[in-house]
S.K.: 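Just dropping this structure here.
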Amino acid sequence: MDSSWEASVTDSINAIYLLFSAYLVFVMQLGFSMLCAGSVRAKNAMNIMLTNVVDAVVGSLSYYLFGFAFAFGNSNPFIGANFFALKDIPSSSYDYSFFLYQWAFAIAVAGITSGSIAERTQFTAYLFFSFFLTGFVYPVVAHWLWSSNGWLSPNSSYLLFGSGAIDFAGSGVVHLVGGIAGFWGSIIEGPRVGRFDAFGNPVKMRGHNATLVVLGTFLLWFGWFGFNPGSFDKILVPYPHMVDQGNWTSVGRTAVTTTLAGSTAGIVTLFGRRLLVGHWDAMDVCNGVIGGFVAITSGCSVIEPWAAIVCGFCAAWVLIGLNILGLKFKFDDPLEAAQLHGGCGAWGLIFTGLFAKEEFVLQAYNSGKTQTTRPSGLILGGGWGLFGAQIVELLSIVVWVSLTMGPLFYLLQKLGILRISTDEEVAGLDISSHGGYAYDASQEESGPRFYGEYLRMQHQS
Amino acid sequence: MASAMTCSAADLLPHLGNSANATAAAEFICGRFTAVSEYLSNTTYAVDSTYLLFSAYLVFAMQLGFAMLCAGSVRAKNTMNIMLTNVLDAAAGGLSYYLFGFAFAFGAPSNGFIGKHFFGLKEFPSQSFDYSYFLYQWAFAIAAAGITSGSIAERTQFVAYLIYSSFLTGFVYPIVSHWFWSADGWASASKTDGNLLFGSGVIDFAGSGVVHMVGGIAGLWGAFIEGPRIGRFDRIGRSVTLRGHSASLVVLGTFLLWFGWYGFNPGSFLTILKSYSDSTKGTYYGQWSAIGRTAVTTTLAGCTAALTTLFGKRLLVGHWNVVDVCNGLLGGFAAITSGCAVVEPWAAIVCGFVAAWVLIGFNKLATKLKYDDPLEAAQLHGGCGSWGIIFTGLFAKKEYVNEVYPGFPNRPYGLFMGGGRKLLGSQIIQILVIIGWVSVTMGPLFFLLHKFKLLRISREDETAGMDLTRHGGFAYIYHDEDEGSSMPGFKMTRIEPINTPTPDHHHNRSVAV
Amino acid sequence: MASAMTCSAADLLPHLGNSANATAAAEFICGRFTAVSEYLSNTTYAVDSTYLLFSAYLVFAMQLGFAMLCAGSVRAKNTMNIMLTNVLDAAAGGLSYYLFGFAFAFGAPSNGFIGKHFFGLKEFPSQSFDYSYFLYQWAFAIAAAGITSGSIAERTQFVAYLIYSSFLTGFVYPIVSHWFWSADGWASASKTDGNLLFGSGVIDFAGSGVVHMVGGIAGLWGAFIEGPRIGRFDRIGRSVTLRGHSASLVVLGTFLLWFGWYGFNPGSFLTILKSYSDSTKGTYYGQWSAIGRTAVTTTLAGCTAALTTLFGKRLLVGHWNVVDVCNGLLGGFAAITSGCAVVEPWAAIVCGFVAAWVLIGFNKLATKLKYDDPLEAAQLHGGCGSWGIIFTGLFAKKEYVNEVYPGFPNRPYGLFMGGGRKLLGSQIIQILVIIGWVSVTMGPLFFLLHKFKLLRISREDETAGMDLTRHGGFAYIYHDEDEGSSMPGFKMTRIEPINTPTPDHHHNRSVAV
């Protein structure tokens, strides 16, 4: 019998799983661009969509050339230094499909930030920060948490607090990074013209197309099935001493927890906003659903389904609270990206420290070994090790992103290439930098409106 | 698989001679075989889970398709409302199906009427069900409520929507799915105790009845009790077309539904790694081929229905209409859903052809009876769904039925294929039972809501559009609101005449139908 | 795999000593091995089918992408028309490919020119083809017609569309795919009789030529014979940009196409469970790695082309334009499609870079020659497709070519990689043959339609928009149509100046950045 048949079967099944998960994660980029496009005013739609396309495009080149190397090269606990431009890939540890999957994650980060600074940022500034964020800031964080020798990683030989931080699919690595970067960008730029009136009262600036927002939200939901369950990387990993169970069980459970957290957050937001504002708002529900997903992303694989409901419930209130706080401090974020991805992401990290179940932690990080023990959620009696590591992760991400992205935005601002002029902002970015508006529904002549009118005109003539 | 691949040292030992060396050899050889068979069993789980999970994701994409289809088919002033209901279907459905819906549907062991285990996914995963199965069934459950929301669009209070949606997803639908899909269900085609209805059981493979008819009949009662939208029929009773606001969204939604249907129908096999050992064909033929065939029949039925509708409507109405074609396409899919796994590709063409005419006929009937359904959901999912169930009773092929529902040799199959009337009889029972059950549960619910004035919105709300009155503003702002008007930004004064909401039957002439 | 895993009792017997017990032992052991190897063969079928089916679904999603891209790129008044053609591509294509298209393309055994089995999926599934393969090829076939519909958008009669579409999908395209992809095709790189063209055969892995050039060249003839849209060039011959009505739909379509391309290119391997046994790398390297690499090269080529277009157009035109970037992206994909499986990732960057300039150049040329193609389909799919074919002849890597097209050691590979001119020669032959064949078939067809006045719509229809005259109304009704104003339906006067379609270099100021 060929010695490698077992490896062939395993590798090909895992490759199918990872590749199609990567494709789903890629769909999130489409979801982001539709969400962003619908959430801004019509005069800036071309701009925001271009930034989303460029995210994917710039991100893939920079991630190919060095981002992946920084993130997954194995050198020191802080930053990687192998695999530049996919040299020596495939290796026994990383295949092309793994690169593709990580690439799809990397481009999502810049997409989050672009929402925060939408409608008032110069396109050149966008190119700079996108390149820097995807090529350097994000990969370094990913290296800390996800590479096998990162200093926060739950897989490395040296575990922080004997535990390592559990950020399974990236509440911190992806969402918090994108959210904090957006927070600084948005703070430094200041609110959009007309967002707060002379007395400092907020003026609602609604996006131009709610259908696109719903479309984007559903596409993100669809993509999240690749984001969270896909982060297992491999599906054909049996758990020893468990009949019929393996990664396939955990993958299914992860999909279920993800769904429940998002659903709960959406419903809580619906009723919460109904009480606070007085109408049933589809946009708020969409944001609530996404907030729930962001929060569950960290712990999705290591918690029970009922805990996901708790997670979603709190995430909705975190989002509502931060939005109120944002208005109070005259912080303007067209897509609520800093509140949503930053706030709910941070809550997700803490949540994992509270509710992680030891059995599932072992399944996710030790292939289901039964002899060992690991710290798990504080509320479930797993000690302070994991909770401490989660807090350390939270703080170090906030500090790292602030130290890198803050000065960058500040510098761009000083050089005058961050914000557009007021005239251009009022006129809209599309007409000033992108050659025209996104929609051109005008007709050259005043034609009939309905088939009936047309027929009648035909009759008359 | 198991029997031929297990290897016990005790069985092998006698053949090797009972020496000490032989014992070691037997244990060695059998140890290897055990390892291999364990590995293969794990492989099976992994492959089947991968298949089922990605199918579930595709079915979930149908919810997006529904949302876009509904949004495009209503008038711009009600877009936010209908999209909100679609998002909530998915969200509220997720919770209610987790808490009790799945338990009602699949909580075996139980009785033939309703399941009673796995509330809140307790004692999950079990030997028979994994999480991926729950996810797949959840995606089905939310589809049913989505269908109904189309029927009662543009005139229903949001609260009524919340109530009926949780009742449908949490109770009415799970019980129907228990009857026909659970191994305990009284009408299931693969009942574990072998006591099949008419010796046949009902073949509703992916849910023409369980999903589409349930949604369609519920919508029928809702729309019937509410009555037509204002302006849908003018004073002398002529039909006035109230066109949806965006054909692009309709096409987008249709294609997404088509895309998702590849999870809905072929995915209903649940597993892919299964050989059909007693097949006369070679080893290349197995469940994977049947799955491919199911995808092909699905495609062909939809395509035929679309083409038939295109030319049929061209003859009847006089222009080529993309929205009609999209509805025809979906009608074909709804019809083939019942029999997709057990019919030949050519039969799928027959199915689609008839489905198109069923839809056209029901639409004519609806106009005649002054029944108003903004998305034609009752006609499409109810009508074409019923036709699909009958179609299966006529065209199910013996060989395929035995492969897909194994364990009962000599079971009845399609009437036209020479399989007797028993299957057709079961199928007709299914139609009647579903109509009865949904009418008995959803009819009174809608009637009560109506009596308590919770069902229909006020006349003013309907004329102004629900987005403005209930949902905080319209869905679209293409005009630049910054141009220095003193308005607070989110009213679309230029688009919507807020002062004089004139009844619309003055301006829409009934041209087409 | 097979040979090492079969076990016959007769072979094992001598090793065990020829006693009576030994016979039983040998049979026992070999019986187990046979079961295992059968099971593994089933696993292989299941894994490969899962892979191929989901790839086919992704490729199908491209049809949705095309529909949205086309809809966004035309003017609002023709949206219904273009979307209907896209829906019909899929629907009519499904029937014609089922009835005869697949037979023409893959009906082996046959001659080098056209296939002749499997009409109506007769005798299906066979040892070599399963239903999933049919579904996958169908998804490819409908893509080709979709490309052409972009070129002739906004001015073509619907009947002409029906005729050319069925001719292209049912006859022209299948024959080309027979030549290059069927094991019998005269130019195939994996011909069963081993008699390869120039000892090399044409490497068109996923169809830069077979799909994209065929669609592009057909579009070129259609658009050329019809002439430009009214108003596309003003009286003194200057080009006037007729912008599409919705950039959102263009971006949506582009991303969906990108998504679908992951089924198109990596999916063309058809199987995933295959080890490259003679590879110098470890056992971790096999077809699954090659598939991952293909996805990476695809991504990189598209991204490079998009970035190049972004900066190139910024320099040439002066603003950052998302629609141009989208077209650049698609150009990169169309180019890499031919060689995606046999080139290194760095070469993909070269491919994308050149593809962007090819597209920009062809667009300039088209403007100069007053050739009007609303979606740039001929330039994009024809031009970048040709470049992609040549690119493969230059950059194909020896090792990868041998892995992907096994069985012919020492076959030629890319010129720049030291593999000689033979492959490049075959590739150029492919370009010429495709141009010739499509011109000979589609050119006369379009010309005949033109002569019989079935091709182009009347001047009035074109000015009013086809949606109104042929498809029963416009795609969008954002205004409340009930208000009885005398306004025509959905003007957005405040956004776009309607009266003076000025040449685009006048009214697009390059202000910022």
Side-chain angles (χ1 to χ4, degrees), chain B residues 1 4-5 7 12 15-17 29 33 36 40 43 47 50-51 54 76-77 243 245-248 251-252 255 259 262 272-273 275 282-286 288-289 291-293 295-296 299-300 303-304 306-307 319-322 325-326 329 345 476 478-480 495-497 502 504 506-507 512, chain C residues 21 24-25 28-29 31-32 35-36 38-39 41-43 45-47 49-50 53-54 57 60-61 63-64 67-68 71 79-80 83-84 87-88 90-92 94-95 98 120-121 125 127 130-132 134-135 138 158 249 470-473 475-484 492 494-495:
Chain B
M1 133 189 144
M5 283 176 56
C7 178
L12 181 57
H15 304 307
L16 293 175
I29 292 173
F33 274 119
V36 167
L40 285 177
T43 307
V47 172
T50 306
Y51 179 69
F54 281 97
K77 60 183 181 182
R243 294 183 45 204
H245 79 284
S246 170
S248 305
V251 173
L252 174 62
F255 267 119
F259 180 58
Y262 287 126
I272 190 167
L273 179 40
S275 68
T283 53
Y284 61 82
Y285 182 77
W288 48 90
S289 308
I291 285 172
R293 191 183 63 233
V296 171
T299 309
L300 289 175
C303 292
T304 314
L307 277 184
H319 47 74
W320 312 95
N321 190 330
V322 68
V325 172
C326 287
L329 190 69
Y476 302 98
Y478 283 113
H479 293 260
D480 189 348
I495 288 187
E496 189 76 6
T502 45
D504 45 7
H506 288 167
H507 316 286
Chain C
N21 276 344
F28 181 88
I29 293 172
R32 298 300 186 270
V36 167
E38 263 174 22
Y39 195 80
S41 137
N42 291 338
T43 306
Y45 282 119
V47 171
S49 296
T50 306
L53 279 171
F54 282 97
Y57 304 159
F60 171 74
Q63 197 65 17
L64 167 58
M68 292 299 113
T79 310
M80 298 272 272
M83 288 192 301
L84 181 57
V87 175
L88 274 186
L95 284 182
Y98 163 73
L121 290 188
Q127 178 73 43
D130 203 345
Y131 288 108
S132 45
F134 168 77
L135 200 78
W138 159 74
F158 189 71
L249 289 179
R470 298 280 170 236
H471 302 286
Y476 303 99
I477 311 180
Y478 285 116
H479 294 257
D480 191 346
E481 72 273 34
D482 305 340
E483 58 183 274
M492 296 174 67
R494 270 173 228 91
I495 289 187

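Computed from a prediction, not measured in an experiment: that's the story for all the values here. Chain letters run A, B, ... following the sequence lines, proteins first and then strands; every chain starts at 1.
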S.K.: When rounded to the nearest 0.5 angstrom, what distance separates OG in Ser246(B) from CG in Leu252(B)?
M.R.: 9.0 Å
S.K.: Determine whether Phe60(C) and Phe255(B) satisfy the following criterion, side chain to side chain contact (heavy atoms under 4.5 Å, CB included), listing intermediate values before the conclusion.
M.R.: CA-CA 9 Å; Phe60(C) 171 74; Phe255(B) 267 119; 3.7 Å; yes
S.K.: Between Asn42(C) and chain B, which part of the residue has a heavy atom less than 4.5 Å away: side chain, backbone, both or neither?
M.R.: both
S.K.: Determine, stepwise, if the pair Trp288(B) / Tyr131(C) fulfils side chain to side chain contact (heavy atoms under 4.5 Å, CB included).
M.R.: CA-CA 9 Å; Trp288(B) 48 90; Tyr131(C) 288 108; over 6 Å; no
S.K.: Pick from Pro345(B), Gly286(B), Ala247(B): which one has the most heavy-atom pairs with chain C under 4.5 Å?
M.R.: Ala247(B)
S.K.: Sequence neighbours left out, what passes ring-ring contact (aromatic ring centres under 6.0 Å, His included) with Tyr57(C)? Give chain and number order.
M.R.: Tyr262(B), Phe54(C)
S.K.: Less than 4.5 Å to any heavy atom of chain C: does that hold for the side chain of Val251(B), its backbone, both, or neither?
M.R.: both
S.K.: In Å, rounded to the nearest 0.5 Å, how long is the span from OG of Ser275(B) to OH of Tyr39(C)?
M.R.: 8.5 Å
S.K.: Could you have a look at Leu88(C), Thr79(C), Val47(C), Leu121(C) and say which one has the most heavy-atom pairs with chain B under 4.5 angstrom?
M.R.: Leu88(C)
S.K.: Going by heavy atoms in the side chains, are Pro125(C) and Tyr284(B) under 4.5 Å from each other?
M.R.: yes
S.K.: Can you tell which part of Ile29(B) gets under 4.5 Å to a heavy atom of chain C, answering side chain, backbone, both or neither?
M.R.: side chain
S.K.: Tell me, side chain or backbone of Ala306(B) under 4.5 Å from chain C's heavy atoms, or both, or neither?
M.R.: side chain
S.K.: Name the region of Ala67(C), side chain, backbone, both or neither, that has any atom closer than 4.5 Å to a heavy atom of chain B.
M.R.: side chain
S.K.: What's the verdict on side chain to side chain contact (heavy atoms under 4.5 Å, CB included) for Leu64(C) and Phe259(B), showing C-alpha distance, side-chain angles and the deciding distance?
M.R.: CA-CA 9 Å; Leu64(C) 167 58; Phe259(B) 180 58; 5.8 Å; no
S.K.: Using a cut-off of under 4.5 Å on heavy-atom pairs, state which of Thr50(B), Leu300(B), Thr43(B) scores highest against chain C.
M.R.: Leu300(B)
S.K.: Go through the steps to decide whether Ser49(C) and Ile291(B) satisfy the test side chain to side chain contact (heavy atoms under 4.5 Å, CB included), and finish with yes or no.
M.R.: CA-CA 9 Å; Ser49(C) 296; Ile291(B) 285 172; over 6 Å; no
S.K.: If I measure from the heavy atoms of chain B, does Met80(C) come under 4.5 Å with its side chain, its backbone, both, or neither?
M.R.: both
S.K.: Is it the side chain or the backbone of Tyr45(C) that comes within 4.5 Å of chain B heavy atoms, both, or neither?
M.R.: both
S.K.: Distance from Phe134(C) atom CZ to Arg293(B) atom CZ, nearest 0.5 Å?
M.R.: 14.0 Å
S.K.: Between Leu53(C) and chain B, with a heavy-atom cut-off of 4.5 Å, which part of the residue counts as in contact: side chain, backbone, both or neither?
M.R.: side chain
S.K.: What part of Ser248(B) gets closer than 4.5 Å to chain C, counting heavy atoms only: side chain, backbone, both or neither?
M.R.: both
S.K.: So for Thr299(B), is it side chain, backbone, both, or neither that comes closer than 4.5 Å to the heavy atoms of chain C?
M.R.: side chain
